[in-house]
Amino acid sequence: MAELVTSAEVIAIAFTDGQYIEQSVISPCDIEAATERWVTPVVGRALLEAVAGGKYEELKEDYLKPVIALYTRLLVQPRLNAATSQAGLSVITTSSRKAVDAEARRELQRSLKARAKFLRQRLEEYLDEHKAELAEYDEKQNILKRCRCDGGFVQIH
C-alpha cells in the first residue's frame, strides 16, 4: 500500500511540543505498524487502498493523517525516551537537561493515547456520516462497531 502520511507529516502533526525531531526517527515501518494496529481495523483495507490510490482527499488530509500521526507517536515515544547502542539501553543526560521520571512518561503516554483515541472516534464519525459516498467502506468490518474499550470496560456491540 502507498504511504498515506510521511515521517515529516507525522512530526508536524503529532510532535507539537516545540522540540526538534529528526525525520529518520520515524520510519515507514513505524507508520505502517501504527496504521495496521489502530486504523486498518476501523477503516478497512479496501478503503485505505482507495485513499492511497488518490481517492477521498478530505478523508485522507483531515481524518486519516492526524489519526495515523498520533498513533505513530504513541508507538515510538517509548523508544524516544531512551537511547539504544551496542552498550545497551541508556538515558541521555546533559548539564542542561535531565530525563523525566517514570510517572511523567506515563502521563505523556496517557495524553497521547487520549488524543489518538479522540481523533479515531472523530474518524469513525466521519465514516458513519459519509458511508454512502465511500464505496470501499464496509462498516461491518469496523472493529469499533463490535467492541470498544472505554473507562476500563470492554463493551461488545
Side-chain angles (χ1 to χ4, degrees), residues 1-130 134 136-137 141-144 148-150:
M1 179 181 348
E3 191 174 72
L4 293 172
V5 61
T6 66
S7 298
E9 290 171 319
V10 168
I11 292 167
I13 294 167
F15 289 86
T16 56
D17 314 83
Q19 296 296 316
Y20 174 74
I21 302 289
E22 175 65 41
Q23 281 187 27
S24 63
V25 169
I26 310 294
S27 75
C29 181
D30 295 324
I31 297 167
E32 184 178 351
T35 303
E36 283 298 311
R37 180 170 180 189
W38 288 293
V39 179
T40 303
V42 173
V43 175
R45 189 163 314 282
L47 182 54
L48 283 179
E49 288 174 1
V51 171
K55 292 177 81 174
Y56 312 119
E57 193 66 20
E58 178 185 16
L59 172 61
K60 178 181 179 181
E61 293 299 322
D62 297 344
Y63 296 89
L64 287 171
K65 282 185 178 185
V67 170
I68 293 169
L70 260 293
Y71 276 114
T72 300
R73 180 169 181 185
L74 183 69
L75 183 68
V76 301
Q77 186 63 51
R79 190 175 73 222
L80 298 177
N81 294 339
T84 304
S85 69
Q86 292 179 10
L89 189 63
S90 61
V91 176
I92 298 173
T93 59
T94 67
S95 60
S96 62
R97 292 184 179 228
K98 178 182 140 186
V100 298
D101 63 11
E103 181 57 29
R105 290 191 303 273
R106 281 191 296 274
E107 286 177 6
L108 176 60
Q109 284 298 103
R110 280 193 299 270
S111 172
L112 292 172
K113 189 174 187 177
R115 289 173 58 201
K117 284 179 75 173
F118 167 77
L119 290 174
R120 189 173 65 179
Q121 180 66 38
R122 187 174 154 260
L123 166 63
E124 184 186 23
E125 290 169 6
Y126 177 89
L127 294 173
D128 285 344
E129 292 169 7
H130 295 86
L134 304 169
E136 298 83 358
Y137 176 61
Q141 291 184 3
N142 182 342
I143 189 121
L144 298 179
R148 191 182 302 259
C149 297
D150 286 319

[atom1]-[atom2] distance between [X] and [Y], expressed to the nearest 0.5 angstrom:
X: L108; Y: Q77; atom1: CG; atom2: CD; answer: 4.5 Å
X: I68; Y: K60; atom1: CD1; atom2: NZ; answer: 9.5 Å
X: L74; Y: R37; atom1: CG; atom2: CZ; answer: 8.0 Å
X: T6; Y: I31; atom1: OG1; atom2: CD1; answer: 6.5 Å

Check whether any side-chain heavy atom of [X] sits under 4.5 Å from a side-chain heavy atom of [Y], and report yes or no.
X: D30; Y: R79; answer: yes
X: L47; Y: L59; answer: yes
X: V5; Y: L64; answer: no

Of the non-hydrogen atoms in [X] and [Y], which two are nearest, and what is the gap between them?
X: Q23; Y: I11; answer: CA-CD1, 3.6 Å
X: A14; Y: A69; answer: CB-O, 3.4 Å
X: P78; Y: L75; answer: CD-O, 3.6 Å
X: E61; Y: P66; answer: O-CD, 3.6 Å
X: Y126; Y: L134; answer: CE2-CD1, 4.5 Å
X: L70; Y: A116; answer: CB-CB, 3.8 Å

Indicate yes or no for a side-chain donor-acceptor contact from R73 to the backbone of I13 under 3.5 Å, with no hydrogens or angles considered.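 Flag not set: sc R73 to bb I13 has no pair under 3.5 Å.
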Is it true that, when you exclude E32 itself, more than 12 heavy atoms of the residues, nucleotides or ligands shown sit nearer than 6.0 Å to its CD?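 Result for CD/E32: open.
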Quick test of your reading of the model: are R45 and E36 salt-bridged, counting only N-O distances below 4.0 Å?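 Answer for the salt bridge query: yes.
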For E103, check side-chain contact (heavy atoms from CB on, under 4.5 Å) against everything at least two apart and list the hits.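 With sequence neighbours excluded, E103 shows a side-chain contact (heavy atoms from CB on, under 4.5 Å) to D101, R106, E107, R110, given in chain and number order.
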Within residues 8-44 or reaching into it, pairs that qualify as ring-ring contact (aromatic ring centres under 6.0 Å, His included) - sequence neighbours excluded: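 Qualifying pairs: W38-Y71.
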